[in-house]
Protein chains: 2
Amino acid sequence: MRIQTLAARAGVAPSTVRYYEQIGLLPPPRREPNGYRVYEEEDLERLRFVVRARALDFTLDEIREILALRERGEPPCDYVRDRIVSRLEAIETRIAELRRLQQELVRLHRLGAQAPEAGSSQGETACICRIIEPPGTGAAAVVARPDRLPSRAEAPR
Amino acid sequence: MRIQTLAARAGVAPSTVRYYEQIGLLPPPRREPNGYRVYEEEDLERLRFVVRARALDFTLDEIREILALRERGEPPCDYVRDRIVSRLEAIETRIAELRRLQQELVRLHRLGAQAPEAGSSQGETACICRIIEPPGTGAAAVVARPDRLPSRAEAPR
DNA sequence: TATAGACCTTCAAGTAGCTTGAATGTCAAG
DNA sequence: CTTGACATTCAAGCTACTTGAAGGTCTATA
């Protein structure tokens, strides 16, 4: 089977397969005389393993590690267990962050929809992006609260 | 104030400030005779705006757009409103994905913890990473179901 | 026979949002 | 006069790929 077939059967793009080979997740396959890659069912199995692990949000490094353990006959159970636990913790955190963000955005959106014509010193009406600014921000207010550090609600993506 | 002070007051790293300047989110500040950047309260305001927008998960491109609109005196309300709505949709989706992933991982973890002593040829017993493999995977099983594409939502049982 | 098109190849660079590192300069305190 | 904390620039690294350029291969059809 050639790369497109393999990729389709695993549900990824051919470029992804070449990439996985390049970084050593998949072994270099044998080639047809014209240079085309040829894959066996075995390769499909391995690729599918990678794809499933990715769907579980394992990093490529983690997957590489798991595959290496398997190859050496060592059961990666403990390692995988650890990874699962830390993934779960990360997910918990991330969901909480997204919830907070969600609430904040809903609040902003309501505010923006609700006060579309409060008089402003400029011709402009109530502006959502003004709401991005902290409550009560005049130039003065910023100076007045020099201690306030906006917390970093973001997570590494 | 110098870069470290500015950065600290906005809650980011100095390198981030230089980066924002580099990509045009912050204007190049004036310099001390020795070349050090000098910032005013105004710059802090702008940086804080960026930081808050980032915390709301706006991309740097979106923020650049919003700032540009503001500068031209056009109210970015409509634009921001749109962005907020699409952010909310994305968040909804993302949370659902994470929930699915969470369930899947919890299930795997239980499975791994539950069957820790089925007889194995090695000292090690039931292996979590075997669970990453699809249900009933022996080399033969894979061949037997050549049509099956593992979907992200798959719940092997 | 020519040519279209659907594949395949490699290598390089681009994506987001920064961080890190190397190599160097500035400046106050001990 | 040295140490240490700050500052500078430029380049590369991070994740997990995708995209693009420039080309080779093979089959089918006009």
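Lettering of chains follows the sequences in order, A, B, ..., and the numbering in each one begins at 1.
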* To do: I would like to know whether A:E65 and A:R83 meet salt bridge (charged side-chain N to carboxylate O under 4.0 Å, His left out); could you show each step before the answer?
  => CA-CA 11 Å; A:E65 190 63 29; A:R83 291 299 93 199; over 6 Å; no
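- Looking only at distances, a side-chain donor or acceptor of B:R46 sits under 3.5 Å from a matching main-chain atom of B:L25.
- Rounded to a whole Å, the CG atom of B:L56 is 17 Å from the C1' atom of C:dG17.
- The shortest distance between the side-chain N/O atoms of A:R54 and the OP1/OP2 oxygens of D:dA16 is below 4.0 Å.
- A:E32 comes within 4.0 angstrom of no nucleic acid atom, judged by non-hydrogen atoms across all strands.
- For B:Y19, whose side chain is taken as the heavy atoms from C-beta onward, the closest listed nucleotide among D:dT18, D:dA16, C:dC18 is C:dC18.
- For B:Q4, a side-chain nitrogen or oxygen approaches OP1 or OP2 of D:dA7 to under 4.0 Å.
- In this structure, A:S15 reaches the bases: a heavy-atom distance under 4.0 Å links it to at least one base atom across the strands shown.
- When the side-chain nitrogen and oxygen atoms of B:T16 are compared with OP1 and OP2 of C:dT19, one or more of them lie within a distance under 4.0 Å.
- When each of B:R2 and B:T59 is assigned the nucleotide of DNA chain C bearing its nearest heavy atom, the one mapping closer to the 5' terminus is B:T59.
- The phosphate of D:dT25 (OP1 or OP2) has no side-chain N or O of A:R31 nearer than 4.0 angstrom.
- For B:E62 (side chain) and B:T59 (main-chain N/O), a donor-acceptor pair under 3.5 Å exists by modelled atom type.
- The main-chain N or O of B:R9 is found under 3.5 Å from a side-chain atom of B:R48 such that the two form a donor-acceptor pair.
- The main-chain N or O of B:I23 is found under 3.5 Å from a side-chain atom of B:R64 such that the two form a donor-acceptor pair.
- B:I23 comes within 4.0 angstrom of no nucleic acid atom, judged by non-hydrogen atoms across all strands.
- Salt-bridge check for B:R30 with B:E40: passed, with a basic side-chain N closer than 4.0 Å to an acidic carboxylate O.
- Per the geometry, CD1 belonging to B:I3 stands 12 Å off C1' belonging to D:dT9, to the nearest Å.
- The backbone N or O of A:F58 sits less than 3.5 Å from a side-chain atom of A:R54, completing a donor-acceptor pair.
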Give each protein N/O atom lying under 3.5 Å from an N/O atom of nucleotides 22-25 of chain C, with the pair distance.
{"unit_1": "C:dG25", "atom_1": "N2", "unit_2": "B:Y36", "atom_2": "OH", "d": "2.6"}

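- As judged by a 4.0 angstrom heavy-atom cut-off over every strand, A:R37 is placed among residues touching the sugar-phosphate backbone only.
- A:R18 comes within 4.0 angstrom of a nucleotide base, judged by non-hydrogen atoms across all strands.
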